[in-house]
Amino acid sequence: MFQIPAQKIKLFLVDDHRMVIDMWSSMLAADPKFEIVGTSLDAEKALEEIKIKLPNVVLLDITLPGISGIDLAKSLREKVPTAKILGVSMHTNIILIKQMLMSGASGYVSKTSSFDEMKTAILSVNEGQRYICRDVKDYITNQVISEHQADPAYRINQLTKRELEIVNMIKDGHSSREISEKLFISKRTVEVHRYNIFKKLDVNNITSLIRVTNQAFPKG
């Protein structure tokens, strides 16, 4: 739970789209916890006004004409260290978000985030906390999962004990008929296993199968 601020949180909005500025101003000003003390469409003017108006929180877009939001965040950290910075952008580029946070931002929300989440983010950074919106957290999680699932070892782990046995026999050069005789199963059953193995490993030939298994279990 957030403490109700004794005084209104002073906000300064920086975005290169007037429509966005007007929308944020209207919605945030309607909340008694907030006061809009200034807005700007570019970084240079924003820096000069912020030094005078000393807002508690600056809502700062990454993409601005001339000086970027990332560079403005660095300048604010040096020249107006009392102002907390909340990055606000359409970007889900993890590198840009990381640069924004490393440059002085205490949080980040996407322009697709709900207004309630934006208010939560403002309150969080105003209290000295970090805040990353759900959209970006989900994006990072999905990216990590995708990278994990693409890992050869992960794909190998999806195979059953019988499928691993057949993989090793395929790598040793045994045909489906030879595998069926050695394992006392029908050739049709072996072919079904082969199909499932190729699907789980996302390969379409024996050469690719060998490459994936060698990547998962490198020698030496």
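Heavy-atom basis, side chains included; hydrogens, waters and symmetry copies ignored. Residues: numbered from 1 along the sequence shown.
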- Test side-chain contact (heavy atoms from CB on, under 4.5 Å) on Leu123 and Tyr131 and set out the steps. CA-CA 9 Å; Leu123 293 169; Tyr131 190 92; over 6 Å; no
- Tell me, with the steps shown, if Phe12 and Leu60 meet side-chain contact (heavy atoms from CB on, under 4.5 Å). CA-CA 8 Å; Phe12 195 101; Leu60 177 56; over 6 Å; no
- Query: Would Thr120 and Val109 count as a side-chain contact (heavy atoms from CB on, under 4.5 Å) if you check the C-alpha gap in whole Å, the side-chain angles of each, and the deciding distance to 0.1 Å?
  - Reply: CA-CA 10 Å; Thr120 298; Val109 293; over 6 Å; no
- Message: As a quick check of understanding, evaluate side-chain contact (heavy atoms from CB on, under 4.5 Å) for Arg211 and Val203, giving each step before the final call.
- Response: CA-CA 10 Å; Arg211 184 177 65 250; Val203 298; 5.8 Å; no
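The closest side-chain heavy-atom distance from Val212 to Asp202 is not below 4.5 Å. Residues Val20 and Val88 fail the side-chain proximity criterion, which asks for heavy atoms closer than 4.5 Å. Put simply, the side chain of Met90 does not reach to within 4.5 Å of the side chain of Thr63, judged on heavy atoms. Taking the side chain as every heavy atom from C-beta outward, Lys200 and Glu163 approach each other to under 4.5 Å. Counting heavy atoms from C-beta outward, Phe34 and Asn56 have side chains that stay 4.5 Å or more apart. Contact of the Ile132 side chain with the Leu101 side chain is registered, since non-hydrogen atoms from C-beta on lie closer than 4.5 Å. At least one side-chain heavy atom of Leu59 sits less than 4.5 Å from a side-chain heavy atom of Met118. Between Ser180 and Thr189, every side-chain heavy-atom pair lies at or beyond the 4.5 Å cut-off.
Under the rule for a side-chain contact (heavy atoms from CB on, under 4.5 Å), the partners of Thr207 that lie at least two apart in sequence or sit in another chain are Asn205. Every residue was checked against the side chain to side chain donor-acceptor pair (under 3.5 Å) condition with Ser114, not counting sequence neighbours, and none meets it. Residues that satisfy the salt bridge (Lys or Arg N to Asp or Glu O under 4.0 Å) test with Arg177, not counting sequence neighbours, are Glu181. Listed by chain and number, the residues in a side chain to side chain donor-acceptor pair (under 3.5 Å) with Ser25 amount to none (sequence neighbours excluded). Scored by the side chain to side chain donor-acceptor pair (under 3.5 Å) test, Arg162 finds Glu165 as partners (sequence neighbours excluded). For Asp116, the salt bridge (Lys or Arg N to Asp or Glu O under 4.0 Å) test picks out Lys119, with sequence neighbours left out. Residues satisfying the side chain to side chain donor-acceptor pair (under 3.5 Å) test with Asp172, not counting sequence neighbours, are none.
Of the possible donor and acceptor atoms, one in the side chain of Ser103 sits under 3.5 Å from a partner among the backbone N and O of Gln99.
Within the structure, salt bridge (Lys or Arg N to Asp or Glu O under 4.0 Å) pairs that include any residue of residues 18-30 comprise Arg18-Asp22 (at least two apart or interchain). Sorted by first and then second residue, the salt bridge (Lys or Arg N to Asp or Glu O under 4.0 Å) pairs with a member in residues 104-115 read Asp15-Lys111, Asp61-Lys111; sequence neighbours excluded.
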Donor-acceptor pairs are to be reported for all side-chain atoms of residues 75-85 against protein atoms at under 3.5 Å, with residues two or more places apart or in another chain.
from	atom 1	to	atom 2	distance (Å)
Ser75	OG	Asp71	O	3.3
Arg77	NH1	Met102	O	2.9

Let me check something: any side-chain donor-acceptor pairs from residues 190-199 under 3.5 Å, sequence neighbours excluded? List them with distances.
from	atom 1	to	atom 2	distance (Å)
Glu191	OE2	Ser176	OG	2.7
Asn196	ND2	Val192	O	3.4

Name the atoms and distances for all side-chain donor-acceptor pairs under 3.5 Å in residues 42-49, with sequence neighbours left out.
from	atom 1	to	atom 2	distance (Å)
Asp42	OD1	Glu44	N	3.2
Asp42	OD1	Lys45	N	3.0
Glu48	OE2	Lys51	NZ	3.4

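Residue Lys171 places its NZ atom among more than 12 non-hydrogen atoms of other residues, nucleotides or ligands, all under 6.0 Å distant.
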